[in-house]
J.: 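The structure's right below; bear with me while I get my questions together.
Heavy-atom basis, side chains included; hydrogens, waters and symmetry copies ignored.
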Amino acid sequence: MLTIHADSRGRALAVRGEWVLAAGALEELTRAHPLARVRRWPGILTSGLVNMHGPELLEQAYHPDPREAGEFGTEPVTGDALAALGMDEARWGASARRGVQRMLARGTVVVAGTFTNRAVVAAVRRSGIGVTGRLGVPDGVPSLDPFGSGLRVDSPPPRESGSAARFAVFDVRDEAELAERGGGSCVATVVAGRIVFRRK
């Protein structure tokens, strides 16, 4: 089924399956595809964010289950506290799935780095989030929100016809406000044509 995703500026993407069929003004796309389902989102439609600290966040940190908040809190567990957990493959896989979901909730659609933990590799692959290489270990502070890392925040190339249907929508007026408010302003993230996060 063809779906048109549009933002408050009237910019839109026509998505079929895992691919972007067309990009342009909402009026143009609805005229070209009158039977398409239209999803209107508040804010701005973007190509999403790249998180440069993939391995640091998914292989060097444990993301607690919400039921463990009383014991571990809600932030990633690292360092000596992580070493004391005695992580096994199942726990690494569950942690990575939660970590990826929390990245998606902040508009991240691509993580950078090379993964070596088999359970983490499997979780990342199943999630559909993009993976890209990087040169060395980046500076900055690993953060689920790329805007919290202290680094310049990158995005994938703009979505156009033939691009992977992987993007995010932020409830802000423009890119300047996005930089101020960060990934917490994300209202929806789409990966492989599926809405994998929607703010309730």
J.: Decide side chain to side chain contact (heavy atoms under 4.5 Å, CB included) for Leu57 and Arg102; before the verdict, give the C-alpha distance in whole Å, the side-chain angles of both, and the deciding distance to 0.1 Å.
T.: CA-CA 11 Å; Leu57 288 167; Arg102 290 163 187 172; over 6 Å; no
J.: Using atom types as modelled and distance alone, determine if a side-chain donor or acceptor of Arg134 lies under 3.5 Å from a backbone N or O of Met52.
T.: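 It does hold such a pair.
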J.: Could you check whether any side-chain N or O of Thr189 sits under 3.5 Å from a backbone N or O of Ala168, counting only pairs where one atom can act as donor and the other as acceptor?
T.: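 Checked: no pair found.
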J.: For the side chain of Ser155 and the backbone of Ser47, is there at least one donor-acceptor N/O pair under 3.5 Å apart?
T.: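 Looks like no, no N/O pair under 3.5 Å.
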J.: Heavy atoms only: give me the nearest Pro64-Val77 pair and the separation to one decimal.
T.: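 Where Pro64 meets Val77 most closely, the heavy atoms are CG-CG2, 4.0 Å.
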J.: Hey, are the side chains of Val137 and Glu56 touching, using non-hydrogen atoms and a 4.5 Å cut-off?
T.: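 In short, these two side chains touch, coming nearer than 4.5 Å.
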J.: Is Ser161 reaching over with its side chain to a backbone N or O of Ala22, donor-acceptor style, under 3.5 angstrom?
T.: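 No; judged by distance alone, with no hydrogens or angles, the pair does not exist.
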J.: Any idea how Tyr62 and Phe72 line up, ring-wise: parallel (<30°), tilted (30 to 60°), or perpendicular (>60°)?
T.: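 Aromatic pair Tyr62/Phe72 classed perpendicular.
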J.: So, His53 side chain and Asp139 main chain: donor-acceptor pair closer than 3.5 Å or not?
T.: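 Answer holds: yes.
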J.: Is Asp80 atom CG crowded by more than 12 heavy atoms from other residues, nucleotides or ligands, each under 6.0 Å away?
T.: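 Atom CG in Asp80 is not packed in, count stays at 12 or less.
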J.: I'd like to know whether CZ of Arg40 has more than 12 heavy-atom contacts from other residues, nucleotides or ligands below 6.0 angstrom.
T.: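 No, CZ of Arg40 has 12 or fewer neighbouring heavy atoms, counting only those of other groups under 6.0 Å.
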J.: Dump the intermediate steps for side chain to side chain contact (heavy atoms under 4.5 Å, CB included) on His5 and Val190, then the final yes or no.
T.: CA-CA 10 Å; His5 296 264; Val190 173; 4.2 Å; yes
J.: Taking atom CZ of Arg199 as the centre, does the number of heavy atoms from other residues, nucleotides or ligands within less than 6.0 Å exceed 12?
T.: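 Check passes, neighbour count above 12.
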J.: How about Arg118: does its CZ atom have over 12 heavy atoms from other parts shown lying under 6.0 Å from it?
T.: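 No, because the 6.0 Å sphere around CZ of Arg118 holds 12 heavy atoms or fewer from other groups.
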J.: How about Gln60: does its CD atom have over 12 heavy atoms from other parts shown lying under 6.0 Å from it?
T.: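 Counting other residues, nucleotides and ligands, CD of Gln60 exceeds 12 neighbours.
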